Participant: 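Before I ask anything, here is the structure I am working with.
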Number of protein chains: 2
Amino acid sequence: MSPRKSVAEALSTRAAILERSVAIASSEGLEGLTIGRLAAELGMSKSGVLGHFGSKEALQLAVLDRAGEIFRTEVWEPARPAAPGLTRLRVLCEAWISYLERGVFPGGCFFVAAAHEFDGRPGPVRDAVAARFDAWRGRLRKEAGRAVDAGELPAGTDPDQLAFELLGAVMALNHALQLHHDPMAPSQARHAIRTRLTT
Amino acid sequence: MSPRKSVAEALSTRAAILERSVAIASSEGLEGLTIGRLAAELGMSKSGVLGHFGSKEALQLAVLDRAGEIFRTEVWEPARPAAPGLTRLRVLCEAWISYLERGVFPGGCFFVAAAHEFDGRPGPVRDAVAARFDAWRGRLRKEAGRAVDAGELPAGTDPDQLAFELLGAVMALNHALQLHHDPMAPSQARHAIRTRLTT
DNA sequence: CCTACCGATCGGTAGG
DNA sequence: CCTACCGATCGGTAGG
C-alpha cells in the first residue's frame, strides 16, 4: 500500500524519465524540457520527477549523459573493429553521417543543439557539452594523425585542421537536414569528407 | 502633457527597442528575448513595448529583419566593389569570417543561432530564417558559378557543393568561437576556405 | 512517490 | 505610452 517503489522500480522509473527527456530535449532543447511537461507525459507529479534528480540542472546533466551513451553506441562503437588510421576514420565519419541521416535524435545532433543553447550560459551544463566536443574532436584528430603517420593521407596534413574540416562538413549537414530537410545534403557531406580522406 | 509621442519619437523608440532586442536575442535567443526584460531594460512598461509590434512573434520577425540589415552591411556590402567571380567570393568569405571574429553579434552568427532555435518549430519565424539562409547560399553559389565559368576554379567544380563546404567551414568556426573561444579557429577556417578557393 | 502550495515570470489585454 | 490586471506556467519546497 506504500507509494514507495522498490530500488529496481525506482531505477526503471528514472530510466523512463531519461528516455522521455532525451526525446523532448532533442527537439525542444534542454531548457524547453520542463518538469511540468515531463510529469504530464509520464503520468507523474512534478515532485515525483524532480525527486529522481534534485534539480532541473541535474536532470539536464543526466540527459546529456544518456544522449552521450546513445552517441557512443551509434557512432563510436561501429568503428571499433575497423583498422586504426584512415579506415577507422572513414568508418567514424560514415557512422556520424548515418546517425544524422537516420534521425537518431529527432532534433538532429543532440550536442550541436545543446552547444548552441548553452554556449552563452556558463555553468556545468555548458562545461559538459564542451568536454564532449573536446573528446570527439580529439578522437578524430588522433585517428587522422595515425593515418598521416601511416602514409594513408598526404604528408604534411595537419590532423587538427582535418578534424576542423570534418566537423564543418557534418555541421553543414546537420543544419541542412534540420532547417531545410534537404535530401541532397547527405551526399554533399559524404563528398566533402571523401575529398578530404583521400590520399 | 500627453503620454503620446510624435511619429518621429515613436520611430526612434521602436528603433531603440530593436537595438536592445538584437543584443539580447543574440546571446539569449529569440525565445529568451522576453517582453518583460526588454521593458525593464528600456525603462518602459510591457504594454508600451508590445504596442510597437503587437505580439512577441511580430517582434521576433522585426528583430530578424534588423539583424539581417546588420549582416548585409557587414558581409554583403564589402563585396560590392569586388570583381564578380573568385575575387568577390573571396571577399565575401573574408567578410563573413571577420564578422564572426569581431563578434558583431555577441552570441555569434545571429542566423545560425536562430536556425538551431527554430528548426523544430514550424511557423513564420522559422520560415524567415530559412529564407535568409537560402538567399545567402544562393549568393555564394552564384558567385562560385561565375568563378567556374571564368576558369578561376577547376573545371567541373560544383558551385552548390562548394557553397555547402564554405558554409561548413564557417559553421565550424562559429561553433569553435562560441563554445571553446578557440583562438586558432579563425585561421583554420581561413585555411579551409583558401584551399577550396584556389585554382 | 503524492497533494498542495510558494513566489516569480510568461505573453497578452482592457481601458484610458 | 501608462496602470492594473488575466490565466498559465515555471522551478522548487513542505510535509507526508
Side-chain angles (χ1 to χ4, degrees), chain A residues 1-21 24-25 27-64 114 117-118 121-126, chain B residues 1-21 24-25 27-64 114 117-118 121-126:
Chain A
M1 296 303 155
S2 162
R4 294 274 167 73
K5 300 293 183 63
S6 72
V7 171
E9 285 170 323
L11 281 176
S12 83
T13 299
R14 192 189 141 98
I17 295 172
L18 284 177
E19 229 49 41
R20 185 69 66 138
S21 296
I24 295 174
S27 34
E28 319 274 341
L30 279 167
E31 212 54 50
L33 172 68
T34 68
I35 317 288
R37 173 171 174 183
L38 209 40
E41 291 191 12
L42 290 162
M44 293 174 64
S45 67
K46 290 200 301 173
S47 70
V49 171
L50 211 48
H52 283 274
F53 304 95
S55 70
K56 176 160 180 179
E57 185 175 274
L59 168 64
Q60 289 172 327
L61 290 169
V63 171
L64 227 33
E117 199 175 357
F118 281 88
R121 310 183 197 179
V125 176
R126 188 208 143 105
Chain B
M1 296 303 157
S2 161
R4 292 275 167 73
K5 301 292 182 65
S6 71
V7 171
E9 284 171 322
L11 281 176
S12 84
T13 300
R14 192 189 142 98
I17 296 172
L18 284 178
E19 230 49 41
R20 186 68 65 137
S21 295
I24 295 175
S27 36
E28 319 274 343
L30 279 167
E31 212 55 52
L33 171 68
T34 69
I35 317 288
R37 173 171 175 185
L38 209 39
E41 291 192 12
L42 291 162
M44 295 174 63
S45 67
K46 289 200 302 171
S47 70
V49 171
L50 210 48
H52 282 275
F53 304 95
S55 71
K56 176 160 181 179
E57 187 175 272
L59 168 64
Q60 290 172 327
L61 290 169
V63 171
L64 227 33
E117 198 176 358
F118 281 88
R121 308 182 197 180
V125 177
R126 188 209 143 104

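Remember, it's a predicted structure, so these values are computed and weren't measured experimentally. In what follows, chains are A, B, ... by sequence order, proteins preceding strands, each numbered from 1.
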Participant: Which of these nucleotides, D:dG12, D:dC1, C:dC1, is closest to any side-chain atom of A:H52?
Facilitator: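 It is C:dC1.
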
Participant: Which nucleotide sits closest to the side chain of B:M44: D:dG12, D:dC2, C:dC1?
Facilitator: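 Within the option list, the nearest is D:dC2.
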
Participant: Would a 4.5 Å heavy-atom cut-off, applied to side chains only, mark B:F53 and B:R14 as touching?
Facilitator: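 With C-beta onward as the side chain, the pair touches.
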
Participant: Would you kindly give the CZ-to-P distance between B:R37 and C:dC10, to the nearest whole Å?
Facilitator: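 That distance rounds to 10 Å.
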
Participant: Looking at A:I17, A:L18, A:I24, which one forms a side chain to side chain contact (heavy atoms under 4.5 Å, CB included) with A:R20?
Facilitator: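 Going through A:I17, A:L18, A:I24 one by one, the side chain to side chain contact (heavy atoms under 4.5 Å, CB included) with A:R20 is satisfied by A:I24 alone.
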
Participant: Measure from CZ on A:F53 to C1' on C:dC1 and round the result to the nearest Å.
Facilitator: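 Spelled out: CZ on A:F53 to C1' on C:dC1 is 14 Å.
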
Participant: Could you tell me the separation between the CD atom of A:E31 and the C1' atom of C:dC10, rounded to a whole number of Å?
Facilitator: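 Roughly 14 Å, once rounded to whole Å.
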
Participant: Mapping A:S55 and B:G48 to their closest nucleotides on DNA chain D, which lands nearer the 5' end?
Facilitator: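 It is B:G48 whose nearest nucleotide is closer to the 5' end.
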
Participant: Over how many whole Å does the gap from B:L42 atom CG to D:dC2 atom P extend?
Facilitator: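 In whole Å, D:dC2 P and B:L42 CG are 10 Å from each other.
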
Participant: Remember a base hit wins even if backbone is also touched, and classify A:I35 as base, sugar-phosphate or nothing at under 4.0 Å, heavy atoms.
Facilitator: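 Sugar-phosphate: the residue A:I35, judged by heavy atoms under 4.0 Å, touches backbone atoms but no base.
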
Participant: Measure from the side chain of A:S47, starting at C-beta and using heavy atoms only, and say which of D:dG12, D:dT13, C:dT13 lies closest.
Facilitator: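 Of the candidates, D:dT13 comes closest.
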
Participant: Drop me the distance from A:T13's OG1 to A:L42's CG, to the nearest 0.5 angstrom.
Facilitator: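 Spacing of OG1 (A:T13) from CG (A:L42) equals 9.0 Å.
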
Participant: Counting only Watson-Crick pairs (N1-N3 plus N6-O4 or O6-N4) and G-U wobbles (N1-O2, O6-N3), all under 3.5 Å, who is the partner of D:dG15?
Facilitator: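 Base-paired to C:dC2.
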
Participant: Compare the minimum distances between each of C:dG11, D:dG12, D:dC1 and the side chain of B:T13, then state the nucleotide with the smallest one.
Facilitator: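 For the B:T13 side chain, the nearest candidate turns out to be D:dC1.
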
Participant: Rounded to whole Å, how long is the line connecting atom NZ of A:K56 with atom P of D:dT9?
Facilitator: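 Distance check: A:K56 NZ to D:dT9 P gives 15 Å.
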
Participant: Report the distance from atom CD of A:E57 to atom P of D:dG11, rounded to the nearest whole Å.
Facilitator: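 A:E57 atom CD is separated from D:dG11 atom P by 13 Å.
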
Participant: The test is side-chain contact (heavy atoms from CB on, under 4.5 Å); show your working for A:E31 and A:R121 and say whether it passes.
Facilitator: CA-CA 11 Å; A:E31 212 54 50; A:R121 310 183 197 179; 3.1 Å; yes

Participant: Rounded to whole Å, please give me the gap between CD in A:E28 and P in D:dT9.
Facilitator: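 After rounding, the gap between these two atoms is 14 Å.
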
Participant: Please check: side-chain N/O of A:E57 versus main-chain N/O of A:P124, any donor-acceptor pairing under 3.5 Å?
Facilitator: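 Flag not set: sc A:E57 to bb A:P124 has no pair under 3.5 Å.
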
Participant: Atom CG of A:L33 to atom P of D:dG11: distance rounded to whole Å?
Facilitator: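 Whole-Å distance recorded here is 8 Å.
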
Participant: Under a 3.5 Å limit for both distances, which nucleotide forms a Watson-Crick or G-U wobble pair with C:dT9, could you say?
Facilitator: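 Answer to the pairing question: D:dA8, which forms a Watson-Crick or G-U pair with C:dT9.
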
Participant: A:S45 near the nucleic acid: base, sugar-phosphate alone, or nothing, with a heavy-atom cut-off under 4.0 Å?
Facilitator: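 Base, at least one base heavy atom under 4.0 Å.
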
